[in-house]
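As the structure is a prediction and not an experimental result, all values here were calculated from the model. The chains referred to below are lettered A, B, ... by the order of the sequence lines, with proteins before strands, and numbering in each begins at 1.
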Amino acid sequence: MPNLTPYPQRLSAGFYRREDVVQIAKELLGKVLVTAFDRIQTAGRISEVEAYRAPDDRACHAYGNRRTKRTEVMFQEGGRAYIYLCYGIHHLFNVVTAPEGMAHAVLIRGIEPLEGTDVMYQRRGIKLDTRGSMPAKLTAGPGALAQALGLHTQQTGHSLIHADSEIWIEDRGMVIPENAIAAGPRIGVAYAGECANREWRFWLRDSRFVSRGNSSYDLKS
DNA sequence: CAAACGATCGGCT
DNA sequence: GCCGATCGTTTGC
């Protein structure tokens, strides 16, 4: 059988609306996050993610299924952006998953720059230096990559699926073997008690565009 | 109405 | 490695 799958292929409702957010988080590694605001396209390969899951996850903003104005979008059907302000400064981008009524999300924590890198430098306020390799600080860390892609809290709730969306995720056919994925506890959730021990942070083991050291271990060694 | 608190980053030591 | 910035959201009085 010839492979007739045309790439790139935008991820569809069926991908996002499954109930296993941990599995979806892992599958998002290697996919390509794209923004196209005012016809300026920027894109990067997802290299680090974290899963959050209401109602039982104390680290999740919708813990206990509490609905607030901010978290309401997490309860909507999968395939939307949940973007919130962190520490008064950083705009953190999450992918809403699961069917309507289940508040699950995947925080995107790192991307490897692919397209529009000049714009990324501009948005980040980093001076372009063509000598040497791209600095990890360009798009490693959730606040950094959101800034590089022009993501902002005002886009929270936007669809990642509709044809006219300015934010979407593509499958470009990259296959990530399980042993290329590392796992560890989520960052910055010490307040979450036992839930802080859940190893729901995943990253591409060999990527430089990861927010913390590549310690911890590989999945399925 | 008041106040505490971040799913972080960058600058400085 | 440590520390301060900065402000919307949430909760408590």
Side-chain angles (χ1 to χ4, degrees), chain A residues 21-22 24-26 28-29 33 44 46-76 78 80-98 102-113 120-129 134-158 167 182-203 207-216:
Chain A
V21 67
V22 175
I24 294 173
K26 283 188 275 187
L28 282 171
L29 292 172
L33 175 58
I46 296 171
S47 50
E48 182 185 0
V49 295
E50 284 177 358
Y52 289 86
R53 185 184 74 190
D56 64 296
D57 176 13
R58 274 184 69 184
C60 181
H61 290 161
Y63 172 57
N65 279 341
R66 68 179 172 175
R67 288 173 181 260
T68 66
K69 188 169 184 185
R70 181 179 64 159
T71 62
E72 189 61 33
V73 62
M74 293 184 76
F75 291 87
Q76 297 190 40
R80 292 174 184 274
Y82 168 46
I83 307 176
Y84 72 96
L85 189 65
C86 185
Y87 292 99
I89 305 171
H90 309 290
H91 300 254
L92 270 51
F93 173 79
N94 299 254
V95 176
V96 174
T97 69
M102 301 180 78
H104 298 181
V106 178
L107 172 67
I108 308 299
R109 295 188 56 91
I111 61 168
E112 302 175 350
M120 294 189 193
Y121 276 96
Q122 258 175 265
R123 288 174 175 153
R124 295 278 294 126
I126 296 173
K127 195 179 175 194
L128 177 63
D129 183 355
M134 252 177 316
K137 67 178 179 180
L138 192 62
T139 53
L145 79 88
Q147 185 177 43
L149 293 179
L151 293 162
H152 190 281
T153 54
Q154 64 197 12
Q155 297 137 3
T156 198
H158 283 203
I167 311 169
R186 294 169 293 179
I187 303 295
V189 297
Y191 59 85
E194 294 297 310
C195 295
N197 299 326
R198 290 178 174 177
E199 301 198 319
W200 284 2
R201 171 179 173 243
F202 305 100
W203 64 95
S207 179
R208 298 168 46 235
F209 294 89
V210 167
S211 60
R212 301 288 171 96
N214 296 7
S215 55
S216 196

>> How would you summarise protein contacts on nucleotides 7-13 of chain B per nucleotide, using B for base, S for sugar-phosphate only and - for none, with heavy-atom distances below 4.0 Å?
In response: BBSS---

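Checking A:Thr153 against A:Thr156 by side-chain atom types alone, no donor-acceptor pair falls below 3.5 Å. Defined by atom type and a distance below 3.5 Å, a donor-acceptor pair is present between the side-chain atoms of A:Ser207 and A:Glu112.
A donor-acceptor pair under 3.5 Å links the side-chain atoms of A:Ser47 to the main chain of A:Phe209, judged by distance alone. Looking at A:Arg58, its side chain never comes within 3.5 Å of a backbone N or O of A:Tyr63 through a donor-acceptor pair. Although no hydrogens or angles enter the test, the distance criterion places no donor-acceptor pair under 3.5 Å between the side chain of A:Arg201 and the main chain of A:Glu48.
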> In dot-bracket notation, what is the pairing pattern of DNA chain C, taking Watson-Crick (N1-N3 plus N6-O4 or O6-N4) and G-U wobble (N1-O2 and O6-N3) contacts under 3.5 Å, with [ ] crossing and | for other strands?
Replying inline: |||||.||||||.

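Residue A:Arg66 is in sugar-phosphate contact alone, with no base atom involved, counting any heavy-atom pair closer than 4.0 Å across all strands shown.
Partners of A:Arg124 according to the side-chain hydrogen bond (donor to acceptor under 3.5 Å, both in side chains) rule, which considers only residues two or more places apart in sequence or in another chain, are A:Gln147. A:Phe75 meets the ring pair (Phe, Tyr, Trp, His ring centres under 6.0 Å) test with no other residue; sequence neighbours excluded. Taking the ring pair (Phe, Tyr, Trp, His ring centres under 6.0 Å) definition, one finds that A:His91 meets it with A:His152, sequence neighbours left out.
Of the candidates A:Ile46, A:Val95, A:Thr139, A:Leu28, A:Ile46 is the only one forming a side chain to side chain contact (heavy atoms under 4.5 Å, CB included) with A:Leu33.
In this structure, A:Arg198 forms no cation-pi arrangement with A:Tyr52, as its terminal cationic atom is not both closer than 6.0 Å to the ring centre and no more than 45° off the ring axis.
Reading DNA chain C from its 5' end, the first and the last nucleotide to sit under 4.0 Å from a heavy atom of chain A are C:dA5 to C:dT11.
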